[in-house]
Amino acid sequence: MDETAELAAFRAEVRDFALTRCPPEIRAVVAANGKLGRKQWAPWQRILHAHGWGAPSWPKEHGGTGWDQRRRHIFDEVLAECDCPPQYHHGLRHLGPVLIAFGTEEQKARFLPGILSGEDWWCQGYSEPGAGSDLASLKTRAVREGEEYVVTGQKLWTSHAHEADWMYTLVRTNAEVKRQEGITLLLIPLDAPGIRVREVRTIDGWHHVNEVFLDAVRVPVANRIGEENKGWTYGKFLLDRERLGGANVAPAFRFLDRCRALVARELAAPGQALKREQLEYRLLLAEAELRGARELGRAAVEAVMAGEPLGLMPSELKLSTADTVQRIGAIALDAVGERVASRFRPVDASGPNAEVEDIEWVQNFMYLRAKTIFGGSNEVQKNVVAKQLFGM
Amino acid sequence: MDETAELAAFRAEVRDFALTRCPPEIRAVVAANGKLGRKQWAPWQRILHAHGWGAPSWPKEHGGTGWDQRRRHIFDEVLAECDCPPQYHHGLRHLGPVLIAFGTEEQKARFLPGILSGEDWWCQGYSEPGAGSDLASLKTRAVREGEEYVVTGQKLWTSHAHEADWMYTLVRTNAEVKRQEGITLLLIPLDAPGIRVREVRTIDGWHHVNEVFLDAVRVPVANRIGEENKGWTYGKFLLDRERLGGANVAPAFRFLDRCRALVARELAAPGQALKREQLEYRLLLAEAELRGARELGRAAVEAVMAGEPLGLMPSELKLSTADTVQRIGAIALDAVGERVASRFRPVDASGPNAEVEDIEWVQNFMYLRAKTIFGGSNEVQKNVVAKQLFGM
Amino acid sequence: MAFEPKPMLPGDAHDAARRFAEASATTLARLQEPAARAAELAVQWDALLELGWAGMLVPEDCGGAGGTLLDMAALAEGAGSAALALPLVAVCAVAPTLLAGQPLLLAELAAGRLQPCVVLAGGITAETGRLSGRALGVETPPVPGHALVAVEDALYLLDLGTAGAGFTRHERIDGRLTLDLELQGAPARLLAADAGASIARARDLGALLSCVEAVAAMGTLIRQTIDYLLQRQQFGTALASFQALRHRVAEMYVAWRNLTGLVQAALRTPEERNIAFAKLRLGEAGRFVAEQAIQVHGGMGMTEELPATRLARRILMAEFEWGDRHAQAARLLAAA
Amino acid sequence: MAFEPKPMLPGDAHDAARRFAEASATTLARLQEPAARAAELAVQWDALLELGWAGMLVPEDCGGAGGTLLDMAALAEGAGSAALALPLVAVCAVAPTLLAGQPLLLAELAAGRLQPCVVLAGGITAETGRLSGRALGVETPPVPGHALVAVEDALYLLDLGTAGAGFTRHERIDGRLTLDLELQGAPARLLAADAGASIARARDLGALLSCVEAVAAMGTLIRQTIDYLLQRQQFGTALASFQALRHRVAEMYVAWRNLTGLVQAALRTPEERNIAFAKLRLGEAGRFVAEQAIQVHGGMGMTEELPATRLARRILMAEFEWGDRHAQAARLLAAA
């Protein structure tokens with residue numbers, strides 16, 4: 001079989017697996033644009049792991065599939081096309097590779113299996129209040145006392161902290177040196193004394209991010225990754241590995257499909273023809289942009305395969321999709337807003353319509369604001385692009 | 001009669017005058033979005049002057065109407081509504097008030113009558129190559145030799161220089177001091193030896209701007225306005241008086257009306273319904289913006305009447321209309337571009353269609369690019385607004 | 001000095017409404033559960049009625065203040081500047097317009113004894129004085145009592161406690177309370193059979209005052225955005241010094257000023273066409289300002305507790321009240 | 001180092017076409033009068049035919065080079081990067097697609113003896129082999145000789161020297177030459193009565209290669225814009241240091257890259273749907289890049305002689321070739 005045929009066969013195999021083995025109730029949440037939590041992710045990870053597909057991006061010797069970038073891309077695409085959740089990233093894509101590269105044997109033995117099986121749930125303690133995109137300005141302090149660090153400070157935007165077991169955390173261990181040079185990466189169990197997790201209520205009405213307060217939390221030195229004060233290096237390693245994250249445009253296409261179906265259903269009446277045609281035209285423009293982004297994603301995968309530098313591709317991808325997905329969300333809001341935005345949260349526990357149909361479109365519109373803010377805001381991405389283009 | 005009734009009567013009087021006294025062939029050029037030149041403007045100014053309305057913005061003692069700002073605004077609005085040309089501004093609105101404020105009695109006697117009657121035609125020699133919005137960096141030198149200045153340099157973007165008699169010109173008389181403090185305002189006849197006018201071919205295909213080369217042109221000191229090295233003050237005085245220029249949105253409304261008629265005519269076929277509805281919707285959005293701008297214009301007129309500062313109003317008006325008018329031009333281009341942009345200039349002098357119907361829409365689309373560039377680009381306007389809003 | 005938006009209709013009414021709305025927001029900010037917020041809103045609503053605002057548009061001989069559109073708009077502007085989460089416009093402006101010519105009911109309204117929600121959106125049918133059907137997301141006073149229901153050109157008054165009438169309450173994205181009404185042959189009182197003109201007028205008044213509220217909210221939101229950017233540092237520099245953000249704020253400001261112009265024109269001449277254009281533009285300009293305010297607030301813009309977020313959601317919601325931008329465009333095109 | 005756009009289809013064909021187009025532009029820049037430009041274009045067109053590009057898509061047994069779509073696209077990309085003002089795509093790609101299955105005519109085309117303009121846009125009727133009607137703004141070789149005319153599903157070959165055929169030439173906004181055709185019972189040769197599929201294929205090929213040309217022109221335009229901003233000072237600072245302009249250029253770049261992605265997908269799989277989406281997006285992205293390039297060039301952007309202006313006008317024109325964005329949207333919606 002040549003490579004093209006092999007890839008086609010692989011695609012078919014993944015599709016068959018996704019459609020037959022991912023529980024319908026989990027796919028239903030994805031299909032409804034719902035919010036995913038550990039409740040959906042953990043069982044799905046167990047199923048993938050049992051099939052040997054728990055870690056597409058890890059080397060085989062650590063329980064990964066050993067797939068190349070092309071296969072990983074196909075895997076991600078097909079999962080999205082089949083309304084399966086994307087894999088939960090904090091353990092598999094973020095911490096795992098760092099552990100594999102920089103962890104001690106003990107750390108690997110302790111933490112990798114739980115990530116693979118979905119038993120241990122991780123979250124990322126990077127951002128802090130007032131830091132925004134300027135990550136290196138973080139202030140959470142860790143003071144060495146014997147074989148422990150005593151950690152005090154506050155993290156913000158900590159996704160999933162309310163359902164996680166562990167947090168990999170950047171802390172400041174030296175305030176005297178250049179900002180990037182005094183940072184250390186620690187693994188902290190969230191049930192440690194001195195930790196308090198508080199929900200940050202976000203505009204979408206879902207609970208996904210938190211503040212995490214650390215008050216003299218004692219963390220064994222054995223939970224430090226690599227060297228003290230080298231945390232920035234590991235954090236950067238992690239972010240660099242994430243640069244292909246935008247290459248998978250398939251979830252955006254599914255979102256577009258759903259929005260198109262919504263428009264057709266909501267605006268079927270003849271009196272709504274004018275509005276429907278406006279929204280259909282806007283959907284076409286959005287689809288065109290997504291198609292362009294999909295091709296850029298493919299080119300990025302091929303660049304990795306060929307060992308070429310990605311250059312501006314991650315920024316191109318993010319700037320090509322983040323706005324577009326927001327615009328799709330806005331089209332949906334225009335379609336159903338009048339009926340749904342007026343019924344955001346039930347006040348009375350019972351009665352008709354306590355569950356509001358299509359409310360997820362309003363939640364998604366709000367939630368999607370984050371697309372152009374987090375993970376390098378659009379403004380930061382444009383700075384990156386301009387710097388490269390102007391050479392200054 | 002109370003003020004409201006008086007203004008209504010005034011409006012009716014102007015309308016009657018405009019419709020009966022402005023020659024139909026001149027109004028036809030305006031109605032066709034054509035390019036106006038001295039050929040249309042000069043006779044129209046003669047007619048206005050003969051009626052005593054030659055200079056709405058001048059005091060009575062100098063031959064003006066003595067109208068207040070409200071009446072001047074009504075006058076401008078009604079002219080536009082009736083497809084009369086706006087008055088040619090270089091003499092009446094720019095130079096005239098400067099002469100009245102700072103000119104000698106001889107200068108007033110020599111120059112004001114020709115401006116009023118439309119006999120002398122003026123252009124403005126301010127911009128230079130490489131100066132752009134940074135006017136104070138001008139380089140054209142004037143060296144005093146006895147009772148003459150010897151002027152050498154180059155002006156750019158000089159509208160109407162090819163049909164004007166005179167140019168009021170900012171020149172540098174002292175290069176040793178702060179940039180704004182070495183500038184002088186001279187009146188230079190365009191038939192003076194050493195002057196060469198060269199057409200700048202612009203993207204719209206019309207001839208309206210020029211380069212003016214000055215090679216040791218000798219200008220009597222009597223042609224200097226005010227003091228040497230104080231030219232920046234007079235230039236600024238002039239620009240400040242122009243700050244209400246954007247308050248008259250009536251021409252933009254006429255442009256919108258014509259574009260709407262074009263869309264209805266061009267896209268009348270049933271097969272074009274989808275496109276027509278798209279363009280009609282965009283026209284509505286543009287009309288909404290123009291209506292908002294019209295009200296801002298009225299508020300600016302009232303502010304002047306009440307002796308209040310205009311503050312950001314001129315920038316608000318420019319930023320509210322310049323883009324919008326460009327968008328209207330784009331709607332027209334979308335309507336007729338396929339048919340018309342392919343026939344921009346005739347190659348063969350004879351044959352059918354040597355004159356291309358509707359070609360002015362393509363020319364206007366191109367011409368309108370200048371709306372957000374000249375007279376303080378959109379970027380400069382936004383800097384002005386931001387500086388005020390942020391107090392820094 | 002930081003930017004301070006100037007009201008369109010300054011004066012005592014504006015200031016009183018603004019103070020009321022600011023106090024309301026401060027109290028509500030401490031409450032998260034919808035039921036607790038609804039209870040607090042009920043208390044605030046009683047206080048609002050105490051101020052006599054329900055009678056602002058009611059003639060004096062019916063016990064009202066006999067105020068003008070501009071008096072009412074001044075209240076709406078003050079309330080809007082802090083995104084008041086109470087149905088001021090629906091109950092105090094749209095309802096009395098519907099009840100014009102009904103002196104007894106107007107008196108009840110002015111006295112705060114009649115607190116109707118208003119159902120204009122269709123979906124209800126009438127047969128021999130009994131109403132059936134559903135109306136979703138209808139703005140309501142905290143304790144629902146009555147509903148004014150338009151069924152085509154007819155206007156009914158419905159007691160929500162009557163048999164055949166059921167409802168559920170929700171919070172809107174802007175924190176106001178709404179009803180989902182379920183009517184199954186609920187008996188109602190026919191107030192007028194041929195009220196088409198006054199229903200249209202009432203809807204237009206609602207649309208206009210929604211614009212007034214939104215314009216006021218946009219002014220406050222722009223001020224808060226500017227304050228935030230002035231105060232917030234990143235990479236060692238105030239965010240306010242980045243030209244891209246400065247230009248964005250300038251664009252927000254111009255969009256707001258332009259919309260203000262449309263609203264002022266519609267307040268001076270409250271004709272259908274002027275109102276439709278203002279509401280159409282609110283859809284564009286309001287959405288832009290709300291989205292960009294969230295964007296330039298960065299992560300903070302995603303949090304619900306931030307006052308700017310509350311204002312942004314109020315502005316987004318305003319577009320959907322009394323006919324969204326596409327409804328306005330459709331009627332403008334139909335009239336052309 | 002300043003930005004240099006990378007071609008989609010690098011290689012000898014691209015480089016040759018690019019050098020040809022750059023030399024053409026340099027010569028044409030010295031000529032202003034349309035007649036003088038038309039005469040120069042005639043000379044250049046003969047040189048282009050000498051290079052055998054009219055035979056690129058013609059099978060080898062008809063005297064052509066038997067090239068693929070990608071070979072042709074590489075020529076179009078090179079030519080587009082300097083906005084070549086000659087009808088490369090119409091004559092060398094669309095015409096041979098229409099003439100597929102006509103070996104004699106293909107051989108004439110490859111040899112440069114047949115230089116047809118292509119009329120697909122409607123407006124012409126046929127009766128017993130005689131054509132009547134008007135076609136406006138049809139792209140043409142500098143010296144018009146023949147026309148390939150689609151009348152519904154039928155394809156005709158018309159000698160423009162024949163009685164009943166009249167024409168006027170114009171320059172397009174991008175400097176190419178066009179014909180206004182006036183036909184009054186002009187006798188023509190029926191090449192195929194049932195050529196609907198090949199006509200549709202030919203139009204799609206034209207649309208795709210217009211996109212290729214436009215993408216190439218956008219790359220050059222962005223490069224020139226960056227160079228200009230780096231070099232130009234205002235208020236004592238390089239324009240390239242203003243964040244608002246830097247972000248604008250970043251947006252232009254991303255729009256260009258995104259369109260490039262669509263065009264690459266359509267080149268790999270040249271199906272109707274892929275081509276329609278690429279052309280639809282060209283309407284948006286191309287317009288944006290062209291307008292913004294003019295804007296950030298300031299006053300210079302208004303001058304016709306500036307190379308960037310010429311590129312911008314080429315990009316604007318490309319949208320209108322072979323169906324504009326609304327035509328693409330209409331067929332995509334009809335197919336849904």
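Nearest heavy atoms, D:P34 versus B:P346: CB-O, 3.6 Å.
Ranked by heavy-atom pairs shorter than 4.5 Å toward chain B, the options D:R37, D:E321, D:R248 are led by D:R248. Most heavy-atom pairs under 4.5 Å with chain B, from the set D:R176, D:E171, D:E319: that is D:E171. Contact count against chain D (heavy-atom pairs under 4.5 Å) is highest for B:T202 among B:V340, B:T202, B:L274. Of the residues considered (D:E305, D:Q233, D:H297, D:R310), D:E305 shows the highest number of contacts with chain B, using heavy-atom pairs under 4.5 Å.
Heavy atoms of D:L179 lying under 4.5 Å from chain B are absent altogether. For B:N383, no part lies near chain D; criterion is any non-hydrogen pair under 4.5 Å. Looking at D:L245, the atoms closer than 4.5 Å to chain B (heavy atoms on both sides) all sit in the side chain, from C-beta outward. With a 4.5 angstrom heavy-atom cutoff, D:R325 touches chain B only via side-chain atoms. Using a 4.5 Å cut-off between heavy atoms, D:M302 touches chain B through backbone and side chain atoms alike. Interface residue B:L279: only side-chain heavy atoms are found under 4.5 Å from chain D. Heavy atoms of D:A330 lying under 4.5 Å from chain B belong to its backbone as well as its side chain. Contacts of B:V362 with chain D are made by side-chain atoms alone, with heavy-atom separations under 4.5 Å and no backbone atom involved. Both the backbone and the side chain of D:Q32 come within contact range of chain B, judged by heavy atoms closer than 4.5 Å.
Note that OG1 of D:T309 is 12.0 Å distant from CZ of B:R369, once rounded to the nearest 0.5 Å. Expressed to the nearest 0.5 Å, how far CZ of B:R343 lies from CD1 of D:I173 amounts to 13.5 Å. Remark: B:E211 CD to D:T303 OG1 distance equals 9.5 Å, nearest 0.5 Å. How far NE2 of D:H326 is from CD of B:E338: 11.0 Å, rounded to the nearest 0.5 Å.
The pair D:D180-B:R339 does not meet the salt-bridge criterion, since no charged nitrogen lies less than 4.0 angstrom from a carboxylate oxygen.
In summary, the side chains of B:Q326 and D:E291 do not present any donor paired with an acceptor at a separation below 3.5 Å, with no hydrogens or angles considered.
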How far apart are the C-alpha atoms of B:L333 and D:F320, what are their side-chain angles, what is the distance that settles it, and do they pass the side-chain contact (heavy atoms from CB on, under 4.5 Å) test? CA-CA 10 Å; B:L333 182 70; D:F320 297 121; 3.7 Å; yes
#### Entry: Working for side-chain contact (heavy atoms from CB on, under 4.5 Å), residues B:W157 and D:M300
CA-CA 9 Å; B:W157 313 127; D:M300 290 308 298; 4.2 Å; yes
Run the side-chain contact (heavy atoms from CB on, under 4.5 Å) test on B:F365 and D:L316 for me, step by step, so that the C-alpha distance in whole Å, both residues' side-chain angles and the decisive distance to 0.1 Å come before the verdict. CA-CA 11 Å; B:F365 173 84; D:L316 289 170; 3.8 Å; yes
- prompt: B:V347 and D:E33: side-chain contact (heavy atoms from CB on, under 4.5 Å), yes or no, with the steps?
  reply: CA-CA 8 Å; B:V347 173; D:E33 288 317 304; over 6 Å; no
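Sorted by first and then second residue, the salt bridge (Lys or Arg N to Asp or Glu O under 4.0 Å) pairs involving residues 293-304 of chain D (not counting sequence neighbours) are B:R201-D:E304, B:R345-D:E304, D:E304-D:R313.
Environment of OH in B:Y367: sparse, with no more than 12 heavy atoms of neighbouring residues, nucleotides or ligands closer than 6.0 Å. Environment of NZ in B:K371: sparse, with no more than 12 heavy atoms of neighbouring residues, nucleotides or ligands closer than 6.0 Å.
Under a 3.5 Å cut-off, the side chain of B:D348 and the backbone N or O of D:R169 do form a donor-acceptor pair. Here the side chain of B:S342 pairs no donor or acceptor atom with the backbone of D:R172 at under 3.5 angstrom.
In this structure, the side chains of D:R287 and B:D334 come closer than 4.5 Å at one or more pairs of heavy atoms. Residues B:M366 and D:I294 are not in side-chain contact: their nearest non-hydrogen atoms beyond the backbone lie 4.5 Å or more apart.
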